Structure formats: structure tokens, C-alpha cells
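Encoded as C-alpha cells, the structure appears first; notes follow it.
What you are looking at is a predicted structure, and each value in this text was computed from that prediction instead of being measured. Counting from 1, the numbers follow the sequence of the chain as shown.
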Amino acid sequence: MSSTSPSQVDIAIIGGGLVGASLGCALAALVEQAGLRVAVIEAAPMAPQPTAPWQPSFDARASAIAAGSARHFASLGVWTHMAEMAAPIRTIHVSERGRLGVTRLRAEELDVEALGYVIPNAWMGRVLHGRLSQLPLTWHCPAKVEAIQPVAEGYRLQLSNGSELEAGLTVLADGGRSGLKERLGIESREQPYDQVALIASVEVSRPHRGVAYERFTPAGPIALLPLQGQAMELVWTHTRGEEDRRLALSDANFLAELQQAFGDRAGHFRRVGRRHAYPLSLITARETVRPGLAVLGNAAHALHPVAGQGFNLALRGVMDLVAAIETGIERDQRPGSPAVLQDFEARRDADRDTVIRFSDGLIRLFGVDLPLLSHARAAGLVGLNLTGPLRRGLARRAMGLAR
């Protein structure tokens, strides 16, 4: 234990990735106007500085950002810069292999420029960290939380760099990788899908024109998301164990099998980057708030990537937490007070539950291979494509505008 008094902060953000960095940016007005003291603790060394030349990589991982999330980033003052590397999604094409039913969701139906955008994760992090560097925040990087314990008005944190903090509100935004949830006794519900997502960048033979594809197959969904140029982000769901064989394939054989599984709707696959795989489960924390503590992002909920809702749900959580803190300050309530965190939970409940049911329901629906159900799904896709109000409702969900 340190012999010196711990540094006092109002909010300690554990995790400086996309969710933690977004929270730091979203707190900017309260830092500047209300004098909030905010510390960010990140275990990984800092990425290249925003002033360094940007070197885009064909292998860069990317995320789908809903139109609603783009609006949130605009409110944080970072969207103009972030959009420099964004590829717009103008159409979402949903189909099932072996069935005629197809649904297309188009941006022009909702009179918007795009339903969403696909952006390299590294670029998003670079832009967010550039904004954070302009704020009077305290960075502890690289540093890990070695010990965490509740105190009278928050939590005390001992860091691997020798620092000690006492925070009125501690936010776990570390993706659940640090083990802090477990050390605090926060249990999670886990429902394995017995599936693995294989992710890579692929190049197609013709312009994608901003079309994002979601194709359901007996083994699991295949998603193709538009990137800049003629590249697309591939998320190929496999039955657990099948991914090892495809990871070991030559590029030519991998592309041939992808072509066979997906078809030629996007053209011919000409190039593939490095392939990565990770197991898929629905994970939800049993607690997301305690006095002096909030849990955000994948630490709170990890979803199947089928609907591309994970980060968008997390970003809405960030904005709701900041709104609850701001309301609390107006009422002379501390950021970590039970009243503020109850307000935050009330804002999140319906959205979180709806998105989890939506994403999980798609997997359950298209994961059952029964003849009658397969025909019903195909008829449903045809009917959805013909029914404007239902299709627009689905589009609003995809855009992150339905709460």
C-alpha cells in the first residue's frame, strides 16, 4: 500500500479502447464546464500519435457504425475527422442461402445519406485519442489495475505504475478482459452459440456501391461490409471446429470456398488478408451498476456480430451514462451516487434488452434448419421486402435510431 494519499478523481475509466475513449470524449463538456476530474487507465501502450502519418492496412479490423452512432460522434466533435476513412452503407441486403426471399433496406427510403458506415477500428481509436489529448484528463498508460476495493464514496484503485486513485465513479470499459468483474464478484450469464467468427478483409471484382450483405447459411451467417475502394470486411460464422481447417487453407482455396458458400452477388473474391477467429457467445453481466461503479461495452454485454449492434449499443450506453451524470450534477448529485446510476440503468434497460433479443433472435431463427420453418423464413423475407412500414422499422433498428 502506498504511503502517500491517493489522487482524488471524480471518474476513473478503466480501458482506453473505443468504448472508454468515447466516454472520455463524451465527458469533455463536463470536464471543461463543471471541472470534473477524469482519469483514463489503459493497459496497452498508446497507439501512434494523431500527428503521425496514417498508413491504412488492408488487414485492418473494422466496425459497422450505425447512422445513430455517427450522430453521436458528430455531437462529440469527432465525426468530420472520423468520416475521412468511413465507407457508407447505402443498402443492406439480407438473404438466405437456397431460398428466394430477399430483403433490401435502402438509405433513400429513409431520406438519409447512409444507413451506417464501416470504419477501421485503428482510425476510430486514433481520432478519439486525438480528441482526448486536447482535454485536461489524467492518462495512466500503460498501466493495469492491480487492486480495486470499495471505499466510503467510491473505489480505491492501485495501479501497476505505482499510482493510487480514489474515484467517485469507476467505469469498467475494458471489454471484460482484465478479470476485474470477477474480482468484484460480478457474475455473467453466458450462452455459447457453438459458433466461431472468422474475420478478414477481402477484395471483390466490382464496386460494392455501398451494399452490406447478410447471408444466412446452414452453418451460420456470412456478413460482408463495404470498406473504401473495392475491399469488404468479411465476418464468416462457422460451426465450432470448422474454422481451423479454413484458417489453414491457402488464400486461393479459401477464396474458392467463400465463393461457393456466398455466391456471386458481390462479384468474385480476388484477395484475402490475414484471417482471425474468435468464439461466439451471448454474454451479459448480471450487474451493470453498483454505488460508485458502472460497467460498459463488452464488459456489460457481448453480442453475436450478426446484426452489427455490439459497438453501437455500447456507444448508446456511453451517451446515456453521460446524460445521467449531467442530470445528477444539475441536482447536486455525485457521478457515482446511487441516484445517478439508477437513472443510467433506467435509460439503458429497454434498449439493451431489445437489442439483445433482436440479435439473439436472428441467430435462433436462422439457425434452425427445418423445412417448414425454412419456407416460412423465405416467405417472411419476401413479405418484408414488399411491406414498406416493416422494412423501414427494420432499417431504423439497423441505423440505431429505434430505442
Less than 4.5 Å apart, any side-chain heavy atom of [X] and any of [Y]?
X	Y	answer
P226	V118	yes
Y155	L169	no
Q195	H238	no
R131	L135	yes
H93	E214	no
S201	E233	yes
I119	S63	no
L30	E326	yes

Exercise for review: Kindly indicate, with the supporting measurements, whether the criterion side-chain contact (heavy atoms from CB on, under 4.5 Å) is fulfilled by R348 and L313.
Suggested key: CA-CA 9 Å; R348 294 306 308 137; L313 180 64; 3.1 Å; yes
Exercise for review: Check step by step if side-chain contact (heavy atoms from CB on, under 4.5 Å) holds for H140 and T138.
Suggested key: CA-CA 7 Å; H140 296 273; T138 303; 3.5 Å; yes
Exercise for review: List for me each residue that meets ring pair (Phe, Tyr, Trp, His ring centres under 6.0 Å) alongside F344, sequence neighbours excluded, and say none if there are none.
Suggested key: none
Quick check against the 3.5 Å criterion: does [X] have a side-chain atom that pairs as donor or acceptor with the backbone of [Y]?
X	Y	answer
H208	G210	yes
S163	L159	no
S205	H268	yes
Q230	V204	yes
S133	G130	yes
E243	G241	yes
R286	I186	no
T288	A300	no
Q259	G263	yes
S250	N253	yes

So that I can tick it off, tell me whether [Y] and [X] are bridged by a salt bridge, with the cut-off set at under 4.0 angstrom between side-chain N and carboxylate O.
X	Y	value
E345	R352	yes
R271	D251	no
R245	E257	yes

Gap between atom [atom2] of [Y] and atom [atom1] of [X] - 0.5 Å precision:
X	Y	atom1	atom2	result
L132	W139	CG	CH2	5.5 Å
E242	L247	CD	CG	10.0 Å
N298	L303	CG	CG	7.5 Å
M319	H72	CE	NE2	5.5 Å
R156	L165	CZ	CG	10.5 Å
H301	S188	NE2	OG	11.5 Å

Point to revise | N312 and L315: CA distance, side-chain angles, deciding distance, side-chain contact (heavy atoms from CB on, under 4.5 Å) verdict | key: CA-CA 5 Å; N312 297 291; L315 184 59; 5.8 Å; no
Check your understanding: Does E187 CD have over 12 foreign heavy atoms under 6.0 Å away?
Key -> no
Practice item. Give the C-alpha distance, both sets of side-chain angles, the deciding distance and a yes or no for side-chain contact (heavy atoms from CB on, under 4.5 Å) between V127 and F73. Key: CA-CA 10 Å; V127 172; F73 281 137; over 6 Å; no
Partner set under side-chain hydrogen bond (donor to acceptor under 3.5 Å, both in side chains) for [X], not counting sequence neighbours:
X	answer
D343	R347
R209	none
E287	R290
T80	none

What are the two closest non-hydrogen atoms of [X] and [Y], and how far apart are they?
X	Y	value
A299	K181	O-NZ, 2.8 Å
A34	I329	CB-CD1, 4.3 Å
A261	W236	CB-CZ2, 3.7 Å
A285	R189	O-NH1, 4.2 Å
Y117	A70	CE1-CB, 4.0 Å
L225	A64	CD1-CB, 4.1 Å

Under 3.5 Å, which donor-acceptor pairs link side chains of residues 8-23 to any protein atom two or more places apart or in another chain?
residue	atom	partner	partner atom	Å
D10	OD1	R37	NH2	3.3
D10	OD2	R37	N	2.7
D10	OD2	R37	NE	3.2
S22	OG	L18	O	2.6

Exercise for review: Could you walk me through whether S281 and E190 pass side-chain hydrogen bond (donor to acceptor under 3.5 Å, both in side chains), step by step?
Suggested key: CA-CA 6 Å; S281 297; E190 182 169 1; 3.2 Å; yes
Practice item. Verify whether the ring centers belonging to H81 and W79 lie closer than 6.0 Å. Key: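 No.
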**Study point:** Within 45° cone of F254 ring axis and under 6.0 Å: R275 NZ or CZ
**Key:**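 Satisfied, under 6.0 Å and within 45°.
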**Study point:** side-chain hydrogen bond (donor to acceptor under 3.5 Å, both in side chains) assessment of S95 paired with R215
**Key:** CA-CA 5 Å; S95 63; R215 185 143 172 83; 2.9 Å; yes
